[in-house]
Amino acid sequence: MPVQLLKIIKGKSETPLPSHLQKEDLKHLEEGFDHTNKYFQGIVILTYPLTKLGDGTDFFKVVLQDLDNLCSRIKSINILIYGKMAEDCAKVIRHGDTFVVAGFKLAKSPTAREDGRHGCHLEVSEEAGSAIYSVAPKYVYTPLNRLKDGTVVNLYGVVKFFKPPYVSKGTDYCSVVTLVDPSNVKLTCTLFNGNLDSLPKIYKVGDIVRFHRVKIREYNGQMQGITSVGFASLTFDGTVGAPLVPRTSSKVYTFMDEEQKTIEELRVWAASNLSVSGPVVKLSGVQPMLFFDLTCQLVGKAKVDGSSFLLKVWDGTKCPYVTWKVPVEARDLEGEKVLLHQLQNLTVDILVYDNHVQLAKSLKIGSFLRIYSIHTKQASADDKNVSHLEFHLHGGTCYGRGIGVLPESNPDVKELKAFLESVDLAGSQSMESMSSVELDGTFNNITDLESHLQRCQQLSVTVLTDHQDLNNTELKTILNSAAPQQYRIRAKLRTYKPQKLYQSIKLHCSKCNSLQEVPDGDDFDFILQRSAATAPNPELHNTSWYDSVMWTTQDQKQRKIAIHFVKHDEMLQEPEDTLLMIEG
DNA sequence: TTAGGGTTTG
């Protein structure tokens, strides 16, 4: 392993440097000496972007400073890293980190005169048998009651509140996390990252986090945490006795005995000092007018309109209420048709709005979700005697409203999966009983059409919210009545006009008062061709609503082209805002 | 930059 991590372990012992290596001072790095068994240790003061050399080899340059010789004239040295090792190092080496370089080649530095660094540089690569070790820094963690404005700190905390990552109005995902610790001080952190995976993987209140490099600022008289460069987090289950498996996106992290102890202490403290959240709600336990978190599996999804999106989910239990079915086009519904049909009595439709739509669209069918702060609402359909229960995930992020994707390794997911597998679907309809209309949304034969018509005669699912005071009247009765009257009807839409939106507008001739259709694409091409064949009529130039200019082309045809600059409020606009009409 | 915890009104 070219980049080894010194002191970074998952077990208990520390990884020592190979015993044959001896430390070398910066001042003893000279050409002509044997450095085979020597290593150089320094702190990263500068890194350059990873680049490729002319022959395609990866190249990464860092500058290390020798902390033992800060009084010397020369304090730093260039390290040139080649090949795979360059790529590996670029991922983990950060400004301020301490690294050990061994198995290097010493060569004259061509830039020493300009950069004022050591006269030689160190060249390292996997091929040359070099090794770079990262020395885990000793992190200091600040209790939440000792935070100072303008500092960058490392801290531990128990999650008291959180908003799962959501798409911010800027360029990043945002997650808001409120922490508490035994100092009984609360800190709200606003965390941003363009990569969803780089934000803390918090699934429930009570989880324990370790944040590195959080910037502290004062906001509205209170301390606030915000992501700073190099922000990294570990998240642990907050349950006393649960396995200590950190959730993180960092490729490398330190986690030693001491830190294990901190997590265990925080778990014990939280168990008696943090108010526990309410009981877990399953679909079988929902009630109207409830805000709850649901752990479930995604079975289907569909676009509804620009500001809402449908998620069909199940948790293996049956909701005791008649649940709302959001009407969507069959072709818009994504998911396994057979499964959707089999689970139709167990899935519920959750309509998510506004800022949650983007995230909802990206969810994969079959994934396990925790949807936070779903709102249940009882509503009545056309027939006032039948009411149903609606599930909404309203817009905004109040009270942590949002959607989180849980990994299959999550204990709650494991439990849910086992439960879902045990659910008896025998009572559900089999695939054979499904019509091909339901399977692919098209009519293949007359039987399909008939079954479709039958379904049209069932109760409609669209809820009219207006004119509830009027009873439905048959079309026959209306046709036999004298106008004007007010009616409310329930009917199947057979056809409508205009079929195209542009047909709502007609062309009107003020001279002969005739009305004409706006030409469609093909007709329009024809009109333009005809117009190009005849010269522009000068009598129609320079009217009150446009100014006209005419050119004659230089080619043999000597074609006359007129351009009319349309005025706005009798004024000519800026060229880029002007509507032009071209003739000829 | 974004949001800066404290439920939509579909």
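Quick note on labels: first sequence line is chain A, next is B, and so on, each numbered from 1. Note that the structure is a prediction, hence the values are computed from the model and not measured. These values consider heavy atoms only, across backbone and side chains, with no hydrogens, waters or symmetry-generated copies.
Here A:Gly395 lies in heavy-atom contact (under 4.0 Å) with a base. Residue-level contact check: A:Asp354 touches the bases, meaning some heavy atom is under 4.0 Å from a base atom. A:Leu351 comes within contact range of no nucleotide atom at all, as no heavy-atom separation falls under 4.0 Å. Counting any heavy atom pair closer than 4.0 Å across all strands shown, A:His375 reaches a base atom.
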Requested in this report: Apply ring pair (Phe, Tyr, Trp, His ring centres under 6.0 Å) to A:Tyr156 and A:His212, showing your working.
Outcome: CA-CA 9 Å; A:Tyr156 276 101; A:His212 277 175; 8.1 Å; no

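You'll find that the side chain of A:Lys163 is closest to B:dG4, out of B:dG10, B:dG4, B:dT1. Considering only the side chain of A:Cys398, B:dG6 comes nearest among B:dG6, B:dG10, B:dT1. Of the candidate nucleotides B:dT1, B:dG5, B:dA3, B:dG5 has the atom lying nearest to any side-chain atom of A:Lys160. When each of B:dT8, B:dT2, B:dG6 is scored by its nearest atom to the side-chain atoms of A:Tyr399, the top-ranked nucleotide is B:dG6. Nearest nucleotide to the side chain of A:Tyr166, out of B:dT1, B:dG4, B:dT8: B:dG4. Which of B:dG5, B:dT1, B:dT8 sits closest to the side chain of A:Asp172 comes down to B:dT1. When distances are taken from the side chain of A:Ser373 to each of B:dA3, B:dG10, B:dT7, the shortest belongs to B:dT7. Nearest nucleotide to the A:Tyr219 side chain, out of B:dT8, B:dG6, B:dG4: B:dG4.
Salt-bridge check for A:Arg247 with A:Asp237: failed, with every basic side-chain N at 4.0 Å or more from each acidic carboxylate O.
Of the two residues near DNA chain B, A:Val167 and A:Gly396, the one whose nearest nucleotide lies more 5' is A:Val167. Between A:Asn220 and A:Leu393, it is A:Asn220 whose nearest contact on DNA chain B lies nearer the 5' terminus.
What separates CD of A:Gln222 from C1' of B:dA3 is a distance of 15 Å, to the nearest Å. Atom CG of A:Asp293 is separated from atom C1' of B:dG5 by 14 Å (rounded to the nearest Å). Look at CZ on A:Phe162: it is 18 Å from C1' on B:dG4, rounded to the nearest Å. For A:Glu390 and B:dT7, the CD to P distance is 21 Å, given to the nearest whole Å. In this structure, CD1 of A:Ile216 is placed 17 Å from P of B:dG4, rounded to the nearest angstrom. Rounded to whole Å, the distance from CG on A:Asn355 to P on B:dG10 is 17 Å. Regarding A:Ile226, its CD1 atom lies at a distance of 10 Å from the C1' atom of B:dT1, rounded to whole Å. A:Leu310 places its CG atom 14 Å from the C1' atom of B:dG10, with the value rounded to the nearest Å.
The aromatic rings of A:His392 and A:Tyr353 sit parallel to each other, their planes meeting at less than 30°, with 60° as the upper class boundary. Relative orientation of the A:Tyr372 and A:Phe162 rings is perpendicular, given thresholds of 30° and 60° on the angle between their planes. Using cut-offs of 30° and 60° for the angle between ring planes, the A:Phe292 and A:Phe391 rings count as perpendicular.
Not a single donor-acceptor contact under 3.5 angstrom links the side-chain atoms of A:Ser308 to the base of B:dG10.
Ring-centre distance between A:Phe211 and A:Phe231: below the 6.0 Å cut-off.
In B:dG6 the base sits syn relative to the sugar, since the glycosidic angle is no further than 90° from 0.
Ring-to-base geometry does not place A:Tyr353 in a stacked arrangement with B:dT8 (centre distance under 5.5 Å, plane angle under 30° required). The aromatic ring of A:Phe192 is stacked on the base of B:dT2, with the two ring centres less than 5.5 Å apart and the planes inclined by under 30°.
Contact record, A:Lys318 with A:Asn345: NZ-O, 3.5 Å, taken as the closest heavy-atom pair.
Taking only side-chain nitrogens and oxygens, A:Lys186 never comes nearer than 4.0 Å to OP1 or OP2 of B:dG5.
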